[in-house]
Every structure is written in C-alpha cells, then in structure tokens.
Amino acid sequence: MNKKYAALGLSAAMTTSLLAACASTEDATPENGSDSTEVVNVYSSRHYDVDQELYKQFEEETGIQVNVVEGKSDELLERLNTEGDNTEADLFITSDAGNLYQAKEAGHLQAVDSDVLASNIPEKYRDVDNEWFGLTKRARVIVYSKDRVNPEDLSTYEALTEDQWNGKVLVRPSENMYNISLLASFIEVNGAEEAKEWAKGLVNNMARDPKGNDRDQAKAVVAGEGDVAIMNTYYLGLMLNSEDSEEKKVAEQLGVFFPNQETTGTHVNISGIAMTKASKHTDNAKKLMEFMSNPSAQEKFAGVNYEYPVNEAVEPNELLQSWGEFKEQDINLSTLGENQQEAIRIFNEAGWK
Ligand code: FE2
C-alpha cells in the first residue's frame, strides 16, 4: 500500500490524510485482498473538508477507494504535463473554465458520455466536446462600500469606466485567470473592440495599480482606497463566516451588486471536473463524476465555499439566497477558453498590470 502512495508522489501530510481515509474504507475492501480494491485517483485544486466527506460517502456507497492529490491548479496541470500518459490521475478537479480549457488544449482530457451528467449539468456549463463539466458556479460581481456607495448608482461593468468612478475601482492583476475569463466573456458578448474599450476605461478608473487577490480588494474598499471592487461573491461568503474577526468586520461593511441585469447578465464561471485521457479507471472515474453532480453532493460541494450549485434542482445556500437571484451571461463557458489568448492580448494593450 505504501508503494502505491509513493507512486503517486504524495507529501507526508497528504499520505496521512489518505491513510486515514483508507482506514475508514477497510470494511469495504473485498475479502480476497487489497489487489482487487477498486480505486479512483483524483488531482484536485480544492482543499475543503467537505470534499473529503463526499469522497468518503462515495467510498461507502460504491466500495471504490478515492485517492486524492491536492495542489494548486497550475502545479497539478504542470504535473499532468510532466507525467503524460504515465499519470496516475483519473480525474482533474480545478477552478475556472479557463484552467479546464488549458488542460483540454494540452491534450490531457477525454470526452465522457453520460446521461446523468447531461441531465444534472446545464449545457452551458459543460465543454462543447464533453471533456469537462462544471460542478459549482461563481459570480464575479461588483462589491461596494455600504457607507460611501448608493447601489442605485451602480448598473453595469461598463459603467465602471465612467467619470463618476475615476480613481475608485479596485481589481486584482490581469494575469489572474478569473480576470482573463471575465474579459474573455466580454469579448464573447460585446465583441473584441468593446472589450478593449472597457479594459482601457477600467485601467483609467483604477484606485491603484492592481495587486493582491479578491479578498485584498474587499479589504482595500473598507480601508477607503476605493469605493467598489470587482470580485467573486464566494470570497465575501467566506469572509462573513470567517473565524478571523477582522475579515468578518470587513465583509459586513460591503454590499453585493449583480451588474448587467438589464443587459448582458452577470459574469459566471465554474469550478469543474474532467477525466484524464490516461485514466486507468474510467468506469470508477465516471461514477465519481456522476456522484458529484447529483443533488445531495451538489448541495454540500457548492455550499461549503458559498458557491452556487450547477445542478438546477439544488437551491443555493441561505446567504447566497439573501443576495438575491440574478440574470447570468448567456454564453457557453467553452468560449472563455477560446477567447483566452485574445483577452491576454487586450489586457497588455490596455496596460492592465
Ligand atoms: Fe478562488
């Protein structure tokens, strides 16, 4: 058994958690020895306890052991590049349709034909070739200072380029995939020319040179560096429920505004799952994908991170419901990958650091 974990190249911490997970499934191991134990190997950039709980539930229901390697998305992708056909990974779980697109472009994924996935996951949240599937949705919105901004003054992403917001807009650097996908979506719905105008206009209205992550933009709004920030809603959910009282205090002073409700809709992205081309346990991998798309798993999987479930039969968690329903951009998320290179070009031209 140790040999297998070594082959996966796990860190000490991961091995410990795997052994713990393994111990809990010993009952499910067939009498005739561990060689016949069914397994599925997952590379995941998610790192939540609830994911482990779901894997455990899957193990109990199916007798298939789930081995997980956690890491950052780009590190896992790099690892898939290095390992090629020799990879142990059957499944790749990561955030952003842009990252899933890169895995697809690199030739690491294979199409999965599944009626369960097709009925649980709306078409716009699946790859056009069925090489990846969305699991959770995240909305990239305008977050504003409740003290200084009247939400009635907010309307669209485009309106943030107007004079009223000069020196008041906060957003992270352009190298970040969330922003690349945001601009890729604008190329899709408005065309490249308008997308470029938007990027230039936003750079012109920035409160500071872009730095930090989404949470840092929220903190900067509360610190008074700017009045509005473009960020994903789930960070606000995480901050509101944080054990860090400072983070909580920051989030309490911020409001959520869903832009473009009268026009093109709010930008939505996903985290998703894909089967590797080199998978040696395709049946087991497909079973886990289907399990993750079912309502009971969806509720937990999305809820813990304050994301929206992709399965429309499942209600978002209470906090998300309190922010209200909203109209989403009406595009297939495959286009985020297809427009990725153009988005990067436009960011460079616009001088978005
Ligand atoms: Fe994130």
Side-chain angles (χ1 to χ4, degrees), residues 42-52 54 68-78 92-103 125 132-143 157 170-185 210-221 228-244 247-248 250-251 254 256 258-259 266-274 292 298 300-310 316-317 319-320 323 326 328-329 333 336-337 340 343-344 347 352:
V42 182
Y43 283 7
S44 175
S45 72
R46 286 177 56 105
H47 44 85
Y48 308 111
D49 293 345
V50 71
D51 293 26
Q52 305 300 332
L54 286 170
V68 185
V69 173
E70 287 179 359
K72 289 189 174 147
S73 189
D74 49 349
E75 291 166 1
L76 293 174
L77 193 56
E78 195 48 51
F92 179 45
I93 295 177
T94 190
S95 63
D96 208 295
N99 288 325
L100 289 159
Y101 173 84
Q102 289 188 342
Y125 303 121
W132 51 256
F133 298 81
L135 285 178
T136 64
K137 296 193 292 190
R138 44 272 297 275
R140 198 153 181 77
V141 302
I142 300 172
V143 162
Y157 299 104
L170 288 149
V171 64
R172 72 196 294 176
S174 63
E175 69 193 12
N176 174 258
M177 190 59 88
Y178 299 160
N179 281 342
I180 295 170
S181 287
L182 178 72
L183 191 60
S185 79
K211 62 175 179 185
N213 56 28
D214 275 13
R215 282 180 217 240
D216 293 326
Q217 314 312 314
K219 289 173 188 167
V221 170
V228 292
I230 297 175
M231 61 182 280
N232 290 348
T233 53
Y234 66 85
Y235 287 112
L236 216 55
L238 290 169
M239 291 171 85
L240 280 171
N241 291 280
S242 172
E243 279 166 19
D244 178 339
E247 276 208 337
K248 207 167 168 173
V250 164
L254 298 168
V256 170
F258 293 98
T266 294
H267 174 65
V268 166
N269 207 320
I270 51 155
S271 72
I273 192 166
M292 288 300 205
Q298 277 281 296
K300 289 188 196 161
F301 199 65
V304 63
N305 197 31
Y306 304 97
E307 295 176 83
Y308 297 87
V310 286
N317 106 339
L319 173 66
L320 272 57
W323 287 334
F326 63 97
E328 298 173 15
Q329 279 176 338
L333 296 199
L336 302 185
Q340 199 170 83
I344 292 168
F347 272 139
W352 187 318

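Just so you know, ligand 1 is whichever comes first in the structure, and atom 1 is the first atom listed for that ligand. The figures here come from the full heavy-atom set of this structure, side chains too, leaving out hydrogens, waters and symmetry mates.
Computed with the Fe ion (ligand 1) at the centre, the Tyr178 OH to Tyr235 OH angle is 130°, stated to 10 degrees.
Taking CD of Gln329 as the start and NE2 of His267 as the end, the distance is 6.0 Å to the nearest 0.5 Å.
Among the backbone and side-chain atoms of Tyr234, an N, O or S atom lies under 2.8 Å from the Fe ion (ligand 1). Here Asn213 does not reach the Fe ion (ligand 1): none of its N/O/S atoms is less than 2.8 Å from the metal. Distances from the Fe ion (ligand 1) show that Asn232 has no N/O/S atom below 2.8 Å.
A donor and an acceptor atom, one from each side chain of Asn213 and Tyr235, are nowhere located under 3.5 Å apart.
Note on Glu247 versus Lys219: salt bridge recorded, some NZ/NE/NH1/NH2 to OD/OE distance being below 4.0 Å.
The aromatic rings of Phe326 and Phe258 sit parallel to each other, their planes meeting at less than 30°, with 60° as the upper class boundary.
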